[in-house]
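Single-structure report; data block below.
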Amino acid sequence: MTLETDRLILRPWQETDAEYLYFYAKDKQIGPIAGWPPHTSVEDSLNVIRTVFSAPETYAVVPKESGCPAGCAGIILGDNAHIAGIKADEAEIGYWIGVPYWGQGLIPEAVRRLLQRCFENLGMSAVWCVYYDGNIRSRRVMDKCGFNFHHTETGKLSPLGDIRTEHFMRITREEWITCNGD
């Protein structure tokens with residue numbers, strides 16, 4: 001499945017994308033704030049493409065201008081989501097983009113397209129996003145896309161093994177319809 005926006009193509013990751021993934025994902029400003037370690041080699045990135053990024057609804061974020069992957073965005077459905085108590089008709093969206101693309105509005109554009117997919121094609125009743133305390137850029141994306149604060153959980157073990165505070169944001173189908181004037 002390939003999705004499109006004005007400036008982006010969201011498409012499945014390919015093994016040939018490993019060098020691009022490594023180029024962006026090795027940056028210490030990207031992974032740790034989101035809870036994952038920087039990539040250490042092209043082989044490491046290839047392994048991520050073959051495992052984590054092979055999940056359904058996981059997309060390479062490809063700016064049309066360059067034609068090369070610069071980030072990742074995906075929908076995690078019900079049972080596979082990282083949120084305790086999430087319902088079967090709810091999803092979680094996760095995302096990141098390489099530092100050279102920060103501040104250009106590309107990730108909000110990608111997230112809006114994923115929200116459209118969730119609500120119009122996948123029949124979701126709500127979509128969640130989660131960010132760690134201090135990840136202000138991620139929170140701004142959520143605000144721009146209409147997510148509302150739901151709750152905070154403290155003392156959460158991150159995949160990196162440290163204890164963090166997580167903030168949970170959510171948008172319901174009805175809120176999304178209202179935001180989009182449908």
Side-chain angles (χ1 to χ4, degrees), residues 3-11 13 20-21 24-25 27-36 38 48 52-53 55 57-66 68-77 80-83 86 90-122 124-153 156 158-160 164-182:
L3 306 173
E4 199 168 329
T5 70
D6 288 343
R7 299 182 294 162
L8 299 171
I9 294 171
L10 305 176
R11 61 156 174 82
W13 284 90
Y20 295 108
L21 176 57
Y24 295 111
D27 192 316
K28 291 177 174 60
Q29 296 180 79
I30 303 285
I33 193 98
W36 47 270
V48 169
V52 180
F53 289 178
E57 302 293 338
T58 302
Y59 301 93
V61 176
V62 181
K64 290 178 180 177
E65 185 177 275
S66 72
C68 304
C72 185
I75 302 165
I76 307 161
L77 301 172
N80 295 317
H82 305 101
I83 301 168
I86 193 169
E90 296 179 340
E92 177 183 355
I93 289 179
Y95 49 82
W96 65 268
I97 197 160
V99 174
Y101 292 93
W102 285 4
Q104 297 180 28
L106 295 173
I107 285 297
E109 191 172 314
V111 169
R112 286 185 194 102
R113 181 63 183 93
L114 293 181
L115 284 170
Q116 180 184 13
R117 176 146 175 78
C118 284
F119 293 125
E120 290 183 359
N121 305 114
L122 301 176
M124 297 291 113
S125 67
V127 177
W128 295 81
C129 270
V130 180
Y131 69 98
Y132 287 119
D133 206 40
N135 193 346
I136 296 164
R137 286 180 184 88
S138 190
R139 168 66 190 253
R140 274 199 304 251
V141 169
M142 295 172 203
D143 289 340
K144 289 177 183 178
C145 293
F147 285 84
N148 297 298
F149 175 78
H150 191 271
H151 70 281
T152 294
E153 295 180 12
K156 302 287 287 188
S158 87
L160 292 176
R164 300 190 186 191
T165 297
E166 286 183 302
H167 303 284
F168 293 75
M169 308 281 285
R170 185 179 76 153
I171 185 170
T172 65
R173 185 175 194 286
E174 292 76 22
E175 290 166 339
W176 180 78
I177 289 170
T178 299
C179 286
N180 289 284
D182 292 338

Parallel, tilted or perpendicular for His151 and Phe168, by the 30°/60° rule? parallel
Nearest 0.5 Å please: distance from the [atom1] atom of [X] over to the [atom2] atom of [Y].
X	Y	atom1	atom2	value
His150	Ile171	NE2	CD1	13.5 Å
Asp133	Ile33	CG	CD1	9.0 Å
Arg11	Thr58	CZ	OG1	13.0 Å
Tyr131	Met142	OH	CE	7.0 Å
Trp176	Glu120	CH2	CD	4.0 Å

Exercise: identify the closest heavy-atom pair between [X] and [Y]:
X	Y	value
Trp13	Ala60	NE1-N, 3.3 Å
Tyr132	His167	C-CD2, 4.4 Å
Trp96	Ile107	O-CD1, 3.6 Å
Val62	Cys68	CG1-N, 3.5 Å
Met169	Phe149	SD-CA, 3.4 Å

Test item: Glu57 side-chain N/O and Leu77 main-chain N/O as donor-acceptor pair under 3.5 Å: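 No; judged by distance alone, with no hydrogens or angles, the pair does not exist.
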For the side chain of Lys144 and the backbone of Glu109, is there at least one donor-acceptor N/O pair under 3.5 Å apart? no
Are side-chain heavy atoms of [X] and [Y] found at a separation under 4.5 Å?
X	Y	result
Leu115	Asn180	no
Phe147	Val111	yes
Val61	Tyr95	no

Tyr20, OH: over 12 other non-hydrogen atoms inside 6.0 angstrom: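 Atom OH in Tyr20 is not packed in, count stays at 12 or less.
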What residues, two or more places apart in sequence or in another chain, satisfy salt bridge (Lys or Arg N to Asp or Glu O under 4.0 Å) together with Glu174?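 For Glu174 there are no salt bridge (Lys or Arg N to Asp or Glu O under 4.0 Å) partners, ignoring immediate neighbours.
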State which residue, out of Arg113, Lys64, Arg117, fulfils the salt bridge (charged side-chain N to carboxylate O under 4.0 Å, His left out) condition with Glu4.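 Of the listed options, the one satisfying the test is Lys64.
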